[in-house]
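So the structure is just underneath, and the comments pick up after that.
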Amino acid sequence: MTGWGELWAALCLVAVIEGLFLFLAPRGWKQAVEQLAKLPDAHIRRIGAIVLVLGLVSLYLVRGG
């Protein structure tokens with residue numbers, strides 16, 4: 001599987017992981033969202049940037065860097 005197939009597979013895995021969180025810990029998920037909603041946009045943006053960079057570095061390492 002290459003190209004678009006790998007992208008779709010990755011997106012499906014994201015949906016599975018997010019679904020697991022919602023299924024296994026709905027109360028914890030709701031509390032996390034409530035806490036995130038209280039943070040300033042700039043702080044959430046920084047968190048997003050950090051997660052994005054960590055994800056890209058992890059992907060690079062997993063794919064054989």
- Note on the structure: Interatomic distance, CG@Leu61 vs CG@Leu56, rounded to 0.5 Å, equals 11.0 Å

- Task: To the nearest 0.5 Å, tell me how far Arg46 CZ sits from Asp41 CG.
- Result: 11.0 Å

Under 4.5 Å between side-chain heavy atoms, hopping through other hydrophobics if needed: is there a path connecting [X] to [Y]?
X	Y	value
Leu52	Leu59	no
Leu24	Ile17	no
Leu22	Val33	yes
Val51	Leu39	yes

- Query: Would you say the side chain of Val57 lies within less than 4.5 Å of the side chain of Tyr60, judging by non-hydrogen atoms?
  - Reply: no

